[in-house]
Amino acid sequence: MTARGLIIGAPRSGSGKTSVTIGLLRALARRGLNVRGAKSGPDYIDPGFHKAATGLPGVNLDSWAMAPSLLNQLAADAAADTDIVIIESAMGLFDGIPAPHGRSGAAADLARLYGLPVLLVLDVSGQSQTAAAIAKGFATYDADVRIAGAVLNRLGSDRHRKLAGDAIEALGLPVVGGILRDPTLSIPERHLGLVQAEEHADLIAHIDRLADMVERSLDLDAIIALATPLAPEAGDQSFALPPPGQRIALARDAAFTFLYPHVAARWRTMGAELVPFSPLADQAPDASCDVCWLPGGYPELHPARLAAASNFLSGTRRFAETRPVHGECGGFMVLGETIEDAEGVTHAMLGLLGHATSFAKRKMNLGYRQARLAAACPLGEAGSAIRGHEFHYAQTVTKGEDTPLGDIADGQGNPLGTFGGRRGHVTGTFFHAIARA
């Protein structure tokens with residue numbers, strides 16, 4: 001049977017998409033459906049919640065960073081042996097970057113490409129009938145993006161629901177549920193978004209509370225009926241990132257968590273073995289591995305523990321003498337000389353690259369990036385073009401003297417200069433790689 005799909009969209013971030021999506025995923029799984037969550041755009045946190053809610057790995061579907069063939073393959077893989085795929089939009093439904101048609105990174109691209117309906121989550125706090133004007137704008141903005149229904153979030157009362165809901169349904173748009181304001185249903189956040197699933201205290205109990213909310217507040221039968229077949233055109237993995245080695249020592253703990261599910265899955269499919277280790281537990285990369293990967297995460301929240309992890313520090317330095325070590329974002333910070341924490345205290349790091357970073361001097365860096373490698377490294381061969389993004393608040397306060405990893409541009413191709421650093425077997429960058437260009 002063909003899986004069905006539905007997109008959960010909203011006018012903006014903070015509308016309640018994630019809580020609705022997680023609760024819906026869990027509620028559908030309780031019915032015995034094989035349900036999978038997907039996230040549009042470059043989000044490495046929400047897929048963890050999707051997996052916790054369903055038991056099935058989440059996936060990112062990014063119309064800008066992923067070539068159409070890769071996007072189709074990942075969508076097809078998500079639909080395989082699955083009854084329904086719920087795709088959660090990043091930011092607002094139409095939010096992306098100026099790009100060729102269908103390659104903006106917005107969830108609306110996926111709605112057009114796969115003909116999937118959108119369930120619109122509207123935060124109606126502070127308004128009533130005006131919600132209908134917003135819904136009408138969404139329904140008419142793009143004829144190729146079909147808004148199939150609406151969920152009213154943060155309602156104050158039954159009367160509030162009737163005022164807003166009746167106005168929306170008068171447009172011919174069904175309202176499939178309304179959720180009363182309840183601050184206890186919110187998921188804790190920090191500077192890079194939600195607190196990660198594995199860090200959330202009593203995670204499964206919270207997910208079950210969200211599912212309870214969905215079951216009492218939304219019409220699940222009506223939502224299931226809105227979903228339509230998800231049948232992507234044929235795709236392939238030719239633009240996926242190749243594994244950087246046969247046995248990959250992968251840092252994995254509360255400080256190192258940001259590895260995209262599709263990247264790890266591709267590495268395994270190609271026969272690579274991922275060997276996790278925990279720097280926070282003072283573990284070093286396994287000496288039998290042929291490459292070490294330090295992914296992004298939150299080392300800025302744990303610098304004292306990392307600085308005291310003598311086995312991790314000495315073992316990683318020994319590893320780097322003969323084999324590649326690569327760090328992305330948080331991993332890049334740990335490869336440097338020091339990290340300054342939020343209180344202004346400086347902590348010594350690996351010193352395998354010469355830069356120093358600070359979380360006390362913060363400035364948000366956010367956006368799509370396209371990079372070209374000047375030399376071979378775990379990201380690819382010399383001359384390779386890689387698409388990805390940056391999202392960090394920490395700043396480089398000392399650049400060091402290392403050779404740049406290559407040249408980088410923003411999502412529209414505007415040059416941003418050189419990026420990252422390389423020294424011997426060691427490479428690192430704030431840039432998160434998603435796929436080959």
Side-chain angles (χ1 to χ4, degrees), residues 3-29 33 35-41 43 45-54 56 58-63 75 78-79 82-96 105-124 131 134-135 138-139 141-142 145-154 168 173-179 185-187 193-194 207 210-211 213-215 217-228 230:
R4 299 167 72 81
L6 180 68
I7 294 175
I8 308 296
R12 58 177 175 82
S13 296
S15 298
K17 293 188 307 292
T18 298
S19 293
V20 170
T21 299
I22 294 170
L24 180 58
L25 288 169
R26 186 65 153 197
L28 293 174
L33 295 172
V35 58
R36 190 186 303 273
K39 179 76 177 190
S40 75
D43 186 301
I45 295 177
D46 287 350
F49 284 96
H50 297 171
K51 180 180 180 180
T54 66
L56 297 178
V59 67
N60 295 84
L61 300 174
D62 193 314
S63 65
T82 307
D83 297 310
I84 186 167
V85 178
I86 304 296
I87 302 173
E88 180 187 350
S89 167
M91 301 189 296
L93 179 67
F94 295 97
D95 292 333
D109 290 345
L110 304 177
R112 293 186 210 97
L113 179 61
Y114 301 126
L116 293 179
V118 176
L119 180 61
L120 189 64
V121 177
L122 294 171
D123 177 355
V124 296
I134 297 170
F138 271 79
Y141 181 74
D142 187 330
V145 176
R146 182 170 67 89
I147 309 299
V151 170
L152 307 182
N153 194 25
R154 302 190 179 115
I168 292 172
L173 185 65
V175 175
V176 297
I179 302 168
L185 296 176
S186 298
I187 301 171
L194 299 178
I207 288 175
L210 293 175
M213 172 271 291
V214 163
E215 289 174 347
S217 304
L218 308 185
D219 186 339
L220 279 178
D221 291 326
I223 291 172
I224 292 171
L226 293 179
T228 58
L230 173 57

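Computed from a prediction, not measured in an experiment: that's the story for all the values here.
- The stretch residues 109-120 participates, sequence neighbours left out, in these salt bridge (charged side-chain N to carboxylate O under 4.0 Å, His left out) pairs: D109-R112, R112-D142.
- How far CD1 of I223 is from CD1 of I84: 9.0 Å, rounded to the nearest 0.5 Å.
- A pairwise comparison of heavy atoms in A38 and V85 identifies CB-CG1, 4.3 Å as the closest pair.
- I134 is listed as a side-chain neighbour of P11, based on a closest heavy-atom distance under 4.5 Å.
- Residues meeting the side chain to side chain donor-acceptor pair (under 3.5 Å) test with K39, sequence neighbours left out: D46, E88.
- Residue V214 comes nearest to A27 through the heavy atom pair CG1-CB, 4.0 Å, listed as atom of the first residue, atom of the second, then distance.
- Evaluation of the side chain to side chain donor-acceptor pair (under 3.5 Å) rule for R26 yields D208 as partners, not counting sequence neighbours.
- Distance check: K17 NZ to L24 CG gives 14.5 Å after rounding to the nearest 0.5 Å.
- When every heavy atom of A107 is checked against every heavy atom of S40, the shortest pair comes out as CB-OG, 3.5 Å.
- Using a distance-only test at 3.5 Å, with no hydrogens or angles considered, no donor-acceptor pair links the side chain of D95 to the main chain of A90.
- Contact annotation: the side chain of S15 never approaches that of N153 to less than 4.5 Å [non-hydrogen atoms, C-beta and beyond].
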Tell me which donor-acceptor pairs under 3.5 Å the side chains of residues 114-124 have, and how far apart each pair is, sequence neighbours excluded?
from, atom 1, to, atom 2, distance (Å)
Y114, OH, N72, OD1, 2.8
D123, OD1, S125, N, 3.0
D123, OD1, S125, OG, 2.7
D123, OD2, R12, NH2, 3.2
D123, OD2, R154, NH1, 2.8

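- A donor-acceptor contact shorter than 3.5 Å is absent between the side chain of K51 and the backbone of V59.
- Under the salt bridge (charged side-chain N to carboxylate O under 4.0 Å, His left out) criterion, D219 pairs with no residue at all, not counting sequence neighbours.
- Side-chain contact between I168 and L152: present, with at least one pair of heavy atoms (C-beta onward) separated by less than 4.5 Å.
- Looking at every heavy atom in both residues, I207 comes nearest to A52 through CD1-CB, 3.6 Å.
- Residues satisfying the side-chain contact (heavy atoms from CB on, under 4.5 Å) test with A29, not counting sequence neighbours, are V35.
- Remark: I7 CD1 to I147 CD1 distance equals 9.0 Å, nearest 0.5 Å.
- Between atom CG of residue L25 and atom NE2 of residue H50 there is a gap of 6.0 Å, rounded to the nearest 0.5 Å.
- For the pair L6 and L230, the minimum side-chain heavy-atom distance is 4.5 Å or more.
- Note that CD of E215 and CG of L210 are 11.5 Å apart. Values are rounded to the nearest 0.5 Å.
- Remark: the backbone N or O of L56 is paired with a side-chain donor or acceptor of T54 at under 3.5 angstrom.
- Of all heavy-atom pairs spanning G105 and D62, the tightest one is CA-OD1, 4.2 Å.
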Checklist line | Stepwise side-chain contact (heavy atoms from CB on, under 4.5 Å) check, F138 with L93 | finding: CA-CA 9 Å; F138 271 79; L93 179 67; 3.9 Å; yes

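- Minimum interatomic distance between R36 and A78 (heavy atoms only, all atoms of both residues): NE-O, 2.9 Å.
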